[in-house]
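To keep things clear, I will list the structure first and then write my remarks on it.
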There are 2 protein chains.
Amino acid sequence: MIERMDTKSKILDVAENLFGNYGFEATSLRDITAKAQVNLAAVNYHFQSKDSLIDAVIERRIAPVNRRRLEMLDAAGPNPTVEQIAEAFIAPVIERDPSPITALMGRILSTPDQFITRVFKKHLVVVAQRFTDAIGQALPELSPAERLWRMHFMGGAMAHVLGWSHLLPELTGGLCDASDRKAVTARLVRFLAAGLRAPEGN
Amino acid sequence: MIERMDTKSKILDVAENLFGNYGFEATSLRDITAKAQVNLAAVNYHFQSKDSLIDAVIERRIAPVNRRRLEMLDAAGPNPTVEQIAEAFIAPVIERDPSPITALMGRILSTPDQFITRVFKKHLVVVAQRFTDAIGQALPELSPAERLWRMHFMGGAMAHVLGWSHLLPELTGGLCDASDRKAVTARLVRFLAAGLRAPEGN
DNA sequence: GTCTATAGGTTGATAGAC
DNA sequence: GTCTATCAACCTATAGAC
């Protein structure tokens, strides 16, 4: 039973794809409406402005990802290992179907502007708190500041993978291929878990 | 002996600052010439186009950073430790004065577009090769692909720190402060060295 | 080398017919 | 809800006087 997609959903899907691959500034409303084969005015009818469209695109994807993150963290029980914490943070983003989400999430995390900071505060701060707490429980010897720094490093490694994955095969002569998402997650988890466990030093 | 800066240098300095803080697309030539207090046409006189200006801004900073990276790697002797490798990769970027370079480098690494990929290939591939080789020497048990992935993770953690550092105090309630650059480098090196040393697993 | 003026194109957003 | 037509603002780039 194939259902024709309505204009609003088509705009959201195409915008997500273009924002992720080319950036929010670099993507014009005309790019979006042309590719979605809808009228230019439809964007301002269904959404009020480009900024509101960006909000809607982000909101649609980031909410379920964060829900899944907390689910996985809860499913790991009252004393999750560092590996379980890292996997709960990363897997819901990297392994998610369908594909375009990865480019979008990488773009969000790699756009440190005022506008994105608002989104960041709205959707990510609360999740980051839960994960920082979990790290503190698993590694009580770390200072509060160090825990936050390591969350930051973890987010950075993940964001970089998301943003550059479509270019990696070319840049590494085919040696790195992000198409096997589960394998990428496993590599990241091993690397990050070891980093999280590092002694804090002096 | 204070020397007045010439127009070309003023443009480069202001462009570096704005590109770093707001992005390449989001910064117009008018933004640059207004802040630099020079005429709009001066950009196209001294540089040929906006793209060439971007090239010039990047080139001016990335070349000495990469030189310093290789110097530090060489200075670590024929068998550098993982910590020395990580520090040689990171310190030349993070600890470098003056400040605007950090935002610019973070922006470059966080802009996975065709244009930046060209820059990436021109300036970073050769350095990445040297560092990947060094990692392979220090950790011969890692597969070639895993070495590249871990270089990628390392670059990502660093890029994220560079790009978000000016927003970190606000997002962490003041707990994370990137102004002590040496301390940030030390935190990153400890985290990344442990990650690089992680067993590769099945 | 530095300026004014402007060409030529793109952008986000809207008014108003259907 | 969807369309055409258009506005006002912005952009990069250049021609030509000084």
Side-chain angles (χ1 to χ4, degrees), chain A residues 2-60 104 107-108 111 113-119, chain B residues 2-60 104 107-108 111 113-119:
Chain A
I2 295 168
E3 195 174 336
R4 278 244 331 310
M5 227 187 292
D6 62 359
T7 299
K8 198 169 176 178
S9 302
K10 273 198 287 190
I11 292 172
L12 279 173
D13 286 347
V14 170
E16 173 175 323
N17 181 20
L18 294 179
F19 286 152
N21 287 124
Y22 302 102
F24 300 104
E25 290 271 356
T27 301
S28 70
L29 297 183
R30 283 171 172 79
D31 293 335
I32 295 168
T33 54
K35 193 169 178 194
Q37 294 180 285
V38 302
N39 190 273
L40 171 61
V43 171
N44 288 80
Y45 175 77
H46 288 287
F47 310 88
Q48 295 80 350
S49 63
K50 183 180 179 180
D51 275 4
S52 300
L53 172 62
I54 296 176
D55 267 346
V57 166
I58 292 174
E59 184 114 21
R60 185 173 68 143
L104 179 73
R107 185 68 61 171
I108 296 170
T111 307
D113 301 323
Q114 265 88 349
F115 180 73
I116 300 296
T117 306
R118 224 191 54 225
V119 174
Chain B
I2 297 168
E3 195 173 334
R4 279 251 319 318
M5 228 185 292
D6 62 1
T7 300
K8 198 169 175 176
S9 302
K10 272 197 288 191
I11 292 172
L12 279 173
D13 286 348
V14 171
E16 173 175 324
N17 181 19
L18 294 179
F19 285 152
N21 288 125
Y22 303 101
F24 299 104
E25 289 272 355
T27 302
S28 71
L29 297 183
R30 281 173 168 80
D31 293 335
I32 296 168
T33 55
K35 192 170 180 193
Q37 295 180 287
V38 302
N39 190 274
L40 171 61
V43 172
N44 289 79
Y45 174 78
H46 289 288
F47 311 88
Q48 293 81 351
S49 65
K50 184 180 178 179
D51 275 4
S52 300
L53 172 63
I54 296 175
D55 267 346
V57 166
I58 292 174
E59 183 114 23
R60 184 172 70 142
L104 179 73
R107 185 67 60 171
I108 296 170
T111 308
D113 301 323
Q114 265 87 350
F115 180 73
I116 301 296
T117 306
R118 225 191 54 225
V119 173

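Lettering of chains follows the sequences in order, A, B, ..., and the numbering in each one begins at 1. The shown structure was predicted, so the numbers you read here are calculated from the model rather than taken from an experiment.
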In whole angstrom, give the distance that lies between atom [atom1] of [X] and atom [atom2] of [N].
{"X": "A/D51", "N": "C/dT11", "atom1": "CG", "atom2": "C1'", "result": "14 Å"}
{"X": "A/L29", "N": "C/dT10", "atom1": "CG", "atom2": "C1'", "result": "12 Å"}
{"X": "B/I11", "N": "D/dA13", "atom1": "CD1", "atom2": "P", "result": "13 Å"}

For [N], take OP1 and OP2 only and decide whether either is under 4.0 Å from a side-chain N or O of [X].
{"X": "B/N39", "N": "C/dT4", "value": "yes"}
{"X": "A/S28", "N": "C/dT11", "value": "yes"}
{"X": "A/N44", "N": "C/dA13", "value": "yes"}
{"X": "B/T7", "N": "C/dG1", "value": "no"}

- How about A/F24 and A/R107: do any of their side-chain heavy atoms sit closer than 4.5 Å?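 A side-chain contact under 4.5 Å exists here.
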
- Query: Can you check whether B/F115's main-chain N or O pairs, donor with acceptor, with B/D113's side chain at less than 3.5 Å?
  - Reply: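 No: the side chain of B/D113 does not pair with the backbone of B/F115.
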
- Task: Could you tell me whether B/D13 and B/K35 have a side-chain N and a carboxylate O separated by less than 4.0 Å?
- Result: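 No salt bridge links B/D13 with B/K35.
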
- Query: What distance do A/L12 atom CG and A/T7 atom OG1 have between them, rounded to the nearest 0.5 Å?
  - Reply: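 Atom-to-atom, A/L12:CG and A/T7:OG1 are 11.0 Å apart.
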
- Item | Among C/dA13, D/dA13, D/dT14, the one nearest B/S49 by side-chain distance |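 Of C/dA13, D/dA13, D/dT14, D/dA13 is nearest to the side chain of B/S49.
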
- Which comes earlier along DNA chain C counting from the 5' end, the contact point of A/D31 or that of A/Q48, where each point is its nearest nucleotide?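 Checking each residue's closest nucleotide, the 5'-ward one belongs to A/D31.
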
